[in-house]
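All of these numbers come straight from a predicted model, not from anything done at the bench.
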Amino acid sequence: MASELDLYIQNQRNLVREYCGKIIALHNGEVQGVFASKVEALAEMKKKFSPGEFLIIKCMPGDEEYTRRYRSRVLCGATTI
């Protein structure tokens, strides 16, 4: 079974057309609401569903909302003895 994030990614292009820049909540691959903030979305979704059954995300093109990138000055593979 696909996760809510997988369903968001599969349908991202269509969702962005309709909800670009807005906070949306998804359950079973369907938009359950559009909210002013993630805090508001969480409060409303907790009334309807159990934690882990929904996704709250700012609907934007690209992967910035669901990908975190970390940078380090450490060189990989470099060893000293």
Side-chain angles (χ1 to χ4, degrees):
M1 182 173 185
S3 71
E4 293 301 327
L5 180 58
D6 292 334
L7 293 170
Y8 171 80
I9 293 169
Q10 290 170 8
N11 296 294
Q12 185 176 8
R13 182 174 287 154
N14 294 330
L15 290 167
V16 167
R17 278 190 210 124
E18 190 168 349
Y19 303 106
C20 189
K22 298 179 179 170
I23 306 297
I24 61 172
L26 301 170
H27 173 72
N28 287 337
E30 294 184 16
V31 176
Q32 297 294 316
V34 180
F35 302 93
S37 71
K38 290 182 179 179
V39 173
E40 178 187 345
L42 180 59
E44 288 300 313
M45 293 302 287
K46 283 173 56 176
K47 293 176 187 177
K48 298 178 183 179
F49 307 106
S50 298
E53 293 183 351
F54 57 87
L55 171 71
I56 296 170
I57 193 165
K58 184 173 184 180
C59 190
M60 300 291 292
D63 65 357
E64 291 297 315
E65 280 298 307
Y66 55 85
T67 302
R68 298 290 181 248
R69 292 179 175 84
Y70 299 94
R71 290 172 178 76
S72 172
R73 293 184 183 184
V74 176
L75 296 175
C76 294
T79 58
T80 57
I81 299 180

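You'll find the side chain of Q32 stays beyond 4.5 Å of the side chain of F54, heavy atoms only.
A chain of hydrophobic side-chain contacts below 4.5 Å, direct or via other Ile, Leu, Val, Met, Phe, Trp or Tyr residues, connects I9 to I24. Connection of F35 to Y19 is not established within any shared hydrophobic cluster, with ILVMFWY side chains joined at heavy-atom distances below 4.5 Å, either directly or through further cluster members. In the hydrophobic clustering of this structure, I56 does not group with L5; members are Ile, Leu, Val, Met, Phe, Trp, Tyr whose side-chain heavy atoms approach within less than 4.5 Å, directly or through other members. Both L55 and Y66 belong to a common hydrophobic cluster when Ile, Leu, Val, Met, Phe, Trp and Tyr are linked at side-chain heavy-atom distances under 4.5 angstrom. Linking Ile, Leu, Val, Met, Phe, Trp and Tyr whenever their side-chain heavy atoms come within less than 4.5 Å leaves I57 and F49 in two separate clusters.
The heavy-atom pair separating E4 from N28 by the smallest distance is OE2-N, 2.7 Å.
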Query raised in the report: When you look at V31 and L26, which way does the side-chain contact (heavy atoms from CB on, under 4.5 Å) test go after all the steps?
Result: CA-CA 5 Å; V31 176; L26 301 170; 3.5 Å; yes

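With a 6.0 Å radius and a threshold of 12 heavy atoms from other residues, nucleotides or ligands, R69 has its CZ atom above the threshold. Within 6.0 Å of the NZ atom in K38, the count of heavy atoms belonging to other residues, nucleotides or ligands exceeds 12.
A distance of 9.0 Å separates NZ of K58 from SG of C20, quoted to the nearest 0.5 Å. Atoms CZ and CD, on R13 and Q10 in that order, are 13.0 Å from each other to the nearest 0.5 Å. Note that the CG atom of D63 and the CZ atom of R68 stand 10.0 Å from one another [nearest 0.5 Å].
Between N14 and the choices E18, Q12, R17, the side chain to side chain donor-acceptor pair (under 3.5 Å) rule is met once, by R17.
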